[in-house]
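Only one structure is covered here, and it is reproduced in the block below.
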Amino acid sequence: MNYWLMKSEPDSFSIDALKQAPKQTTAWDGVRNFQARNMLRDSMKRGDQAFFYHSSCDVPGIAGIVSIVKEGYPDKTAFDPKHHHYDADSKADAPRWFVVDVKLVRKFKRIITLDELRQHAAKALKDFVLLRRGNRLSVMPVTNKDWEFVLTLE
DNA sequence: GCCAACGTTGGC
DNA sequence: GCCAACGTTGGC
């Protein structure tokens with residue numbers, strides 16, 4: 001089993017929105033970056049877990065944990081001309097963008113803030129991709145070691 | 001294949 | 001709203 005981190009802007013989709021979704025499950029759509037796409041399509045497996053990260057908001061940080069319940073399949077929002085995430089270059093017979101389905105495992109009692117994570121960037125979390133300068137990936141791998149350390153912060 | 005221009009991300 | 005950092009595009 002592998003670990004991941006997935007970013008979402010809570011204004012568009014928060015961990016509370018996931019909590020209220022049918023079966024507390026959603027397709028993680030709208031990723032439009034090839035590196036992140038490759039992970040969604042090829043690497044993320046059923047049973048893997050991911051941190052749900054809130055970005056571009058008052059308190060950026062990790063809000064909880066989700067699990068992958070369905071492996072990569074085409075992102076339908078890319079096919080819909082009216083959709084915000086439409087991409088004319090993604091064809092039904094040759095899809096360019098992919099999603100996985102995620103299900104809520106649990107919401108943390110509190111947000112583990114980016115600020116707090118940064119305090120460990122020099123030592124315990126020195127390999128954490130999220131903390132690398134200029135990092136912009138919306139889906140990224142997390143090592144077992146970093147996963148476990150972050151959980152101790154809650 | 002290079003690289004400038006442009007768009008996006010995301011923290012502040 | 002600003003801006004650094006980075007990915008993507010497109011001209012050459």
Side-chain angles (χ1 to χ4, degrees), chain A residues 2-21 26-44 48-66 68 71-102 104-143 145-147 149-154:
Chain A
N2 288 307
Y3 296 113
W4 308 92
L5 180 145
M6 304 172 87
K7 291 182 187 170
S8 180
E9 300 186 14
D11 286 348
S12 58
F13 191 77
S14 68
I15 197 160
D16 289 327
L18 179 59
K19 199 171 182 177
Q20 285 156 27
T26 191
W28 199 267
D29 59 26
V31 172
R32 297 290 180 267
N33 167 284
F34 289 103
Q35 237 184 306
R37 184 281 310 270
N38 293 346
M39 289 186 269
L40 291 168
R41 187 188 59 188
D42 307 327
S43 308
M44 301 177 82
D48 285 359
Q49 294 198 333
F51 287 134
F52 191 124
Y53 180 86
H54 281 175
S55 66
S56 295
C57 56
D58 282 352
V59 187
I62 298 169
I65 296 173
V66 299
I68 310 309
E71 294 176 14
Y73 64 98
D75 185 341
K76 289 196 274 298
T77 66
F79 303 142
D80 177 1
K82 292 187 293 292
H83 199 283
H84 180 239
H85 294 304
Y86 176 62
D87 180 358
D89 291 333
S90 186
K91 306 289 201 306
D93 58 350
R96 171 185 272 202
W97 305 116
F98 286 73
V99 301
V100 296
D101 284 357
V102 302
L104 183 67
V105 172
R106 68 188 176 94
K107 178 186 170 182
F108 289 161
K109 291 189 191 69
R110 62 183 194 88
I111 301 268
I112 300 175
T113 65
L114 177 61
D115 186 53
E116 194 178 348
L117 294 167
R118 283 232 172 88
Q119 292 171 21
H120 301 280
K123 295 187 82 176
L125 295 178
K126 65 177 157 49
D127 299 320
F128 201 14
V129 178
L130 180 74
L131 303 176
R132 277 192 207 146
R133 201 171 66 105
N135 157 68
R136 282 173 45 190
L137 272 179
S138 58
V139 176
M140 67 187 77
V142 176
T143 65
K145 179 176 75 66
D146 289 347
W147 180 272
F149 182 81
V150 169
L151 291 181
T152 67
L153 299 175
E154 187 192 5

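Protein chains get the first letters and strands the later ones, always in sequence-line order, with residue 1 at the start of each. These numbers come from a predicted model, not from an experiment.
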Does a nitrogen or oxygen in the side chain of A:Lys7 sit under 4.0 Å from OP1 or OP2 of B:dT9? no

What residues 30-44 of chain A contributes to the DNA chain B interface at heavy-atom separation below 4.0 Å is none

Rounded off to whole Å, could you give me the CG-to-C1' distance for the A:Leu130 and C:dA5 pair? 15 Å

Roughly, in whole Å, what's the span from CE in A:Met6 to P in B:dG10? 13 Å

Provide the closest heavy-atom pair for A:Tyr53 versus A:Pro60 in the form atom of the first, atom of the second, distance. OH-CB, 3.6 Å

Is any side-chain N of the basic residue among A:Arg132 and A:Asp127 closer than 4.0 Å to the acidic one's carboxylate O? no

Would you kindly give the CG-to-C1' distance between A:Asp58 and B:dG10, to the nearest whole Å? 13 Å

Expressed in angstrom and rounded to an integer, what is the separation of A:Glu9 atom CD from B:dC12 atom C1'? 15 Å

Electrostatic pair A:Asp75:A:Arg96 at N-O distance under 4.0 angstrom: no

Without decimals, in angstroms, what is the distance between A:Asn135 CG and B:dT8 C1'? 14 Å

Using a cut-off of less than 4.0 Å, is there contact between a side-chain N or O of A:Tyr53 and OP1 or OP2 of B:dG11? yes

Does a nitrogen or oxygen in the side chain of A:Arg133 sit under 4.0 Å from OP1 or OP2 of B:dG11? no

Distances for protein N/O vs nucleotides 1-3 of chain B N/O pairs under 3.5 angstrom?
none

Roughly how many Å is it from CZ in A:Arg132 to P in B:dG10, rounded to a whole number? 16 Å

Please report the closest heavy-atom contact between A:Met140 and A:Asn135, naming both atoms and the distance. CE-ND2, 3.6 Å

Roughly how many Å is it from CZ in A:Arg118 to P in B:dG10, rounded to a whole number? 12 Å

If you round to the nearest 0.5 Å, how far is CG of A:Asp48 from CG of A:Asn2? 5.0 Å

Separation of atom CG in A:Leu137 from atom P in B:dT9, rounded to whole Å: 12 Å

For A:Gln119, I'd like to know if atom CD has over 12 heavy atoms of other residues, nucleotides or ligands within 6.0 Å. yes

Are A:Asp115 and A:Thr113 close enough, and set up right, to give a side-chain hydrogen bond (donor to acceptor under 3.5 Å, both in side chains), and what steps lead you there? CA-CA 5 Å; A:Asp115 186 53; A:Thr113 65; 5.0 Å; no

Ring centres under 6.0 Å, that's the criterion: do A:Tyr73 and A:Trp97 meet it? no

Under 4.0 Å, heavy atoms only, any strand: does A:Ser56 hit a base, just the sugar-phosphate, or nothing? base

With a 3.5 Å distance limit and no angle check, can you tell me whether A:Lys109 reaches the backbone of A:Glu154 through a side-chain donor-acceptor pair? no

